[in-house]
Protein chains: 2
Amino acid sequence: MTEETGLRERKKQRTRQALSDTAVELFLKRGFDQVSVADVAAAVEVSKPTLFRYFPAKEDLALYRIADHQGEAARVVTGRPAGRSPLAALRTHFHERLDAHDPVTGLNDNATVRAFNDMLYTTPSLLARLIRYADRDEELLAEALAAAGGGDALTAGLAAAQIITVHQRLAQENWRKLAGGRRIADALPEAHRDADRAYDLLGAGLGTEYGR
Amino acid sequence: MTEETGLRERKKQRTRQALSDTAVELFLKRGFDQVSVADVAAAVEVSKPTLFRYFPAKEDLALYRIADHQGEAARVVTGRPAGRSPLAALRTHFHERLDAHDPVTGLNDNATVRAFNDMLYTTPSLLARLIRYADRDEELLAEALAAAGGGDALTAGLAAAQIITVHQRLAQENWRKLAGGRRIADALPEAHRDADRAYDLLGAGLGTEYGR
DNA sequence: AAGAAAATGCAACCGAGTAACAAAACTTTC
DNA sequence: GAAAGTTTTGTTACTCGGTTGCATTTTCTT
């Protein structure tokens, strides 16, 4: 799994990590807008152009860790057990992520994670950037769904869009619960119910509630 | 309907319009990124700070006209004829917009409109800004759906998110058809079919295609 | 050890957006 | 219709994100 690792490559990894870590630390301490990229560069003892050779935009300094999840939904569909439907696989997976308190579900009350999510959901530029990651996710999911066999490209695309959107709203809803002061033990069952409600809706459509 | 209109107010309206019109003209001629706000300000013979007193960001200069559509989906739901379901009303309305070649459906081959859409869909910062308008739309639609009676707030929120998302994808798909060189007369019937497919999916869910 | 290749730092630059304050334009009042 | 009050504007100067060109250093190759 580990890549070819010359000294050069190792150093780059370290710089990259140091930049992201330091940036997040500063962002959480003083707020995203109150920290300039020059501050981050200075703290890591690197020049500003170098920083931008590692990260294309300030926002990416904060979102680096989240980028790991790229294509997760698509992988779940592609790697689902035989005989299981894509939607069922995604539902199960979401419940699992919830129980694991995965930060991306929004449901995690570790102080640092919470501060991070607070920043994320209240900083428009971060949210905008996050959506661009989600777009890539959506594309990959659309391909996975198309490959799974159901429907044409349009249908797969629409389905992917709906699923990714619903995931976003669920995470946001979970974050809101915690931001509203709820304890996680108390919010978790509700989050599971919300997820089931959302997946029921995805599976059976809005027809029951809002007509055809 | 017309607002209280002193001289001052009239002048402001004119400046606002001149800024947006001139900006769009320049953007279409030279490209969004190749025109600076200073260029726009100079062309309208206004200072840069003044420009920003009228529009909070460069992107809004381009999106001014689109902002008119704010809350359209919500209005359709709220103002639907008695006995008609929200989803049916939205579906009908979308087909109507399609036949009217409304630019927001992506399906309009007027040269200027097409150039505008090309710019819109290929400029990330414009797209990002557009999404923020859509978020407001989504909120309003969620309220309208909740008021329409079906389901709790979560359900209404999820439904609104799905509907707005689907609209976006349909418009994007239509734009792609035209960008691919298709004539509008040829693309229109297909656009209607796509819309029906999308609304069928919204109404009946992904279950049929991708399992529960 | 020498030279190619890649990464860095430096300095200067561009463009979006904002702050401070003074000047001008419109509105209101007498 | 002039004076006083309010709102809008221009000027200047600034901050910050992001980029460019080029010389210097560091790593990789042979």
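All values below come from the heavy atoms of this structure, side chains included, with hydrogens, waters and symmetry mates left out. Owing to the predicted nature of the structure, the values given are computational and were not obtained by experimental measurement. In what follows, chains are A, B, ... by sequence order, proteins preceding strands, each numbered from 1.
For A:Arg53 against C:dG9, a side-chain-to-base donor-acceptor contact under 3.5 Å is present.
In this structure, A:Asp33 and A:Pro49 both approach DNA chain D, and ranking their closest nucleotides by distance from the 5' end singles out A:Asp33. Comparing B:Lys48 and B:Thr15 along DNA chain D, the residue whose closest nucleotide (by nearest heavy atom) sits nearer the 5' end is B:Thr15. Each of B:Arg8 and B:Val37 lies near DNA chain C, and the nucleotide nearest B:Val37 is the one positioned closer to the 5' end.
The aromatic rings of B:Tyr121 and B:Trp175 lie parallel to each other, their planes meeting at an angle below 30°, with 60° marking the opposite boundary. Under the 30°/60° scheme for interplanar angles, the aromatic rings of B:His192 and B:His95 are found to lie parallel. Relative ring orientation between A:Tyr64 and A:Phe55 is described as perpendicular, the plane-to-plane angle rising above 60° on a 0-90° scale split at 30° and 60°.
Atom NZ in A:Lys58 sits roughly 14 Å away from atom C1' in C:dG17 (whole-Å rounding). Nucleotide C:dG15 holds its P atom 14 Å from the CZ atom of B:Phe32, rounded to whole Å. Taking atom CG of B:Leu51 as the reference point, atom P of C:dT18 lies 11 Å away to the nearest angstrom. For B:Phe55 and C:dG15, the CZ to P distance is 21 Å, given to the nearest whole Å. Rounded to whole Å, the distance from CD on A:Glu9 to P on C:dA6 is 12 Å. In this entry the distance linking CZ of A:Phe27 with P of D:dC16 reads 13 Å, nearest Å. One can place CG of B:Asp39 at 13 Å from C1' of C:dA16, the figure rounded to the nearest angstrom. In this structure, the CZ atom of B:Phe52 is 14 Å from the P atom of D:dG10, given to the nearest Å.
For D:dT8, one of the phosphate oxygens OP1 or OP2 lies less than 4.0 angstrom from a side-chain nitrogen or oxygen of B:Lys12. Proximity of A:Ser47 to the phosphate of C:dT8: no side-chain N or O atom is located under 4.0 Å from OP1 or OP2. In terms of phosphate contacts, B:Tyr54 brings no side-chain nitrogen or oxygen within less than 4.0 Å of OP1 or OP2 of D:dT8. Contact annotation: A:Lys11 does not reach the phosphate of D:dT26 (side-chain N/O to OP1 or OP2, under 4.0 Å). Neither OP1 nor OP2 of C:dG15 sits under 4.0 Å from any side-chain N or O of B:Ser36.
Within 4.0 Å (heavy atoms only), A:Val40 reaches no atom of the nucleic acid at all. Residue contacts shown for B:Gln34 are absent, as no nucleic acid heavy atom lies under 4.0 Å away.
Side-chain atoms of A:Arg65 and A:Ser20 include no donor-acceptor pair closer than 3.5 Å. No side-chain donor-acceptor contact under 3.5 Å links B:Thr105 and B:Asp102.
Within the model, atoms CG of A:Leu170 and CZ of A:Phe94 stand 4.5 Å from one another, a figure rounded to the nearest 0.5 Å. A distance of 8.0 Å separates CD in A:Glu138 from OG1 in B:Thr165, rounded to the nearest 0.5 Å.
Taking the C1' atoms of five terminal pairs at each end of the helix from C:dA1-D:dT30 to C:dC30-D:dG1, the two resulting helix axes are inclined by 20°, rounded to 10°.
Both tests do not hold together for A:Lys58 against A:Phe52: distance to the six-membered ring centre under 6.0 Å, angle to the ring axis within 45°.
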